[in-house]
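Throughout, protein chains are lettered first and strands after them, A, B, ... in sequence-line order, and every chain is numbered starting at 1.
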Amino acid sequence: MTDRPVTGGLRVEARRAMAVAWKDLLAEGRARSNVLAVILFAGTALLLFAFAFGPDAQDLRDAGAGVIWLTILLSGILVFNRSYQLELEGGGLEALLTYPGSRRAIFVGKLLANLVIVLLVEAVVLPLAAILFHVPLLGALPGLAVIVALGTFGFVTLGTFYAAMSSRSRASDVLLPLLLFPMLVPLLLAAVQGTTAFMEGDAMGDGGGWIRMLVAFNLIFFSAALWAFEYVIGE
Amino acid sequence: MEKRRGRFQVKAEATRREASSHMTLRAVRWWGLSLGAVGVALTIVFHWQVFFWVPTEASMGIVQRIFYIHLPGAWVAFLAFGIVALCSAVYLWLGEEKLDHAALAAAEGGMVFTTIVLVSGPLWARLAWGTWWTWEPRLTLTLLLWFIYLGYFLVRNSTQNRDRGRKFAAVVGIVGALNIPLIHMSVLWFRSLHPQPVVARTDGPQLHPDMATTVFTALGAWTLVFLSLFILRYGTARLEARAERTSVDMGDPLSAEQGAVTS
């Protein structure tokens, strides 16, 4: 397994990645129903969590950060396998692999497309959770936005990476969470604790530490995924 | 006919190369069994030490004796997962099948010792802290490692193409090991209740000398037991691979089909 000759520099690679991302998003956009279904699932999950923890306002608020991130994880996991299964159904993966250029561009492209989809889900989950769980999201905005951005990126990076393996295995729908969730524990901890810290005004100054944890998580696993994707996707 | 002889020659050469370039099966058996014998003997010795010889710890009482099983188990588990990551990385780099066999052997040994840690930990916790499970950082880390390396076996056996399964497993082994420092840091910040490290301190061990002797006997014993299991399991994996290749050569239609999928 050697690196294929890389034609062109970083800018060409970036354009390749954008092309893959655009193709994936276009396919999702035309199908439309899948993203909508994931969003509806996320809404349903929030509702169930609210019934499980409610109806006391303070209880709901205490559970808020955890519920938000669990909902994101549980609904996001439905997105990743699909991004490869669509390719496999149409025999598109082989074609994609025969194109010139490094395979990292394929990974980054799929990562970007999944990122857009998960951000769409979050755009619904966060305001809905703010209402249902009486969570003061607007007041925590600058710090919270950083936590959400970093947490989402790390989640989608590992999700896209592991789905490249699970989507081509038996029982892929069960295999992906089994592989992914134990790996996501540091991210979940950092995201939930960070979100809680910023919602409470970050009086203890804990938020910065959790942000650093998320940055480290993203750096380590983005680099690892870029390096290992060649082995995962190739023959 | 010509083609067939050519294939046999290639096979014969491959077998010769195999025999000369690394551990032969006889060496595997010898090292596996002799390390195992010493390891088991030492295991008996340290159990005698734990039950009859070592002084009882003052504050925790007799429960503390679980420590002599718990800590060496954890050490061996981490050693095993280190070997998995290392062998997997070199396997991806060189593509040598035997490195994958070594990684698999280490992963299986690692699971055994991780399970020992996960059983002895709660037993201790129940008596020392009055609860079966606490979200104590190192216990949590071990539990997560158990799940991550469970994924190693799952992904390995869930593909049609065996080569692909090996690659997937190697990647899971490496990426999983990268997560160890992150899990450790995050659960440490999350909450801590574990007794602080007593063996590896910069100002010298704070243990009673007899306790230290017992811990190090146990460490040595289980490291040897692990190495023995590791080597023997590696040998079994080599034999399995050889048997598979042989049956493909013999033209067994079923295996030939499998072989075609494998290659």
Side-chain angles (χ1 to χ4, degrees), chain A residues 1-3 154 157-158 161-194 196-197 204 206 209-210 212-235, chain B residues 81 85 88-96 100 114 135 137 140-191 261-263:
Chain A
M1 179 74 58
T2 51
D3 264 324
T157 299
L158 270 189
F161 179 67
Y162 274 86
M165 295 190 261
S166 65
S167 62
R168 288 180 300 156
S169 306
R170 285 191 291 268
S172 56
D173 292 332
V174 185
L175 189 61
L176 182 61
L178 276 175
L179 292 175
L180 191 56
F181 284 157
M183 292 293 291
L184 286 177
V185 166
L187 179 132
L188 179 67
L189 270 179
V192 171
Q193 300 292 323
T196 308
M204 310 288 281
D206 287 344
W210 294 114
R212 276 197 292 281
M213 170 79 66
L214 286 174
V215 169
F217 188 95
N218 287 351
L219 281 178
I220 290 174
F221 288 116
F222 185 64
S223 328
L226 273 187
W227 167 76
F229 191 69
E230 177 87 19
Y231 299 107
V232 165
I233 201 74
E235 271 323 299
Chain B
F81 293 141
S88 298
V90 187
Y91 168 68
L92 286 184
W93 183 32
L94 299 177
E96 289 263 349
D100 170 68
T114 311
W135 292 99
T140 312
L141 171 61
T142 315
L143 181 66
L144 287 171
L145 279 182
W146 194 88
F147 275 107
I148 288 174
Y149 286 93
L150 187 71
Y152 179 91
F153 298 106
L154 285 177
V155 83
R156 195 184 172 88
N157 296 320
S158 62
T159 52
Q160 297 281 320
N161 177 330
R162 204 167 308 173
D163 239 19
R164 186 186 278 169
R166 290 190 181 122
K167 263 185 210 156
F168 285 2
V171 167
V172 168
I174 297 166
V175 179
L178 289 179
N179 212 354
I180 292 177
L182 285 170
I183 298 179
H184 182 69
M185 292 273 289
S186 62
V187 290
L188 202 66
W189 287 357
F190 192 44
R191 124 184 277 182
V261 175
T262 311
S263 56

I'd like to know whether CZ of A:R212 has more than 12 heavy-atom contacts from other residues, nucleotides or ligands below 6.0 angstrom.
no
Please state whether the side chain, the backbone, both or neither of B:I174 comes within less than 4.5 Å of a heavy atom of chain A.
side chain
What part of B:V175 gets closer than 4.5 Å to chain A, counting heavy atoms only: side chain, backbone, both or neither?
both
Can you tell me which portion of A:A225 sits under 4.5 Å from chain B's heavy atoms? Options are side chain, backbone, both or neither.
neither
Side chain from CB out, backbone as N, CA, C, O: work out which of these in A:F181 comes under 4.5 Å of a heavy atom of chain B, or both, or neither.
neither
Any chance the rings of A:F217 and A:F221 have centres within less than 6.0 Å?
yes
Cationic N near anionic O, under 4.0 Å, B:R162 to B:D100:
no
Which of B:T159, B:L144, B:L182 touches chain A most, by non-hydrogen pairs under 4.5 Å
B:L182
Residue among A:A190, A:S169, A:A224 with most heavy-atom pairs under 4.5 Å to chain B:
A:S169
Closest heavy-atom contact between A:Y231 and B:K167?
O-CD, 3.5 Å
Checking A:R168 side chain against A:V232 main chain: does a donor-acceptor pair fall under 3.5 Å?
yes
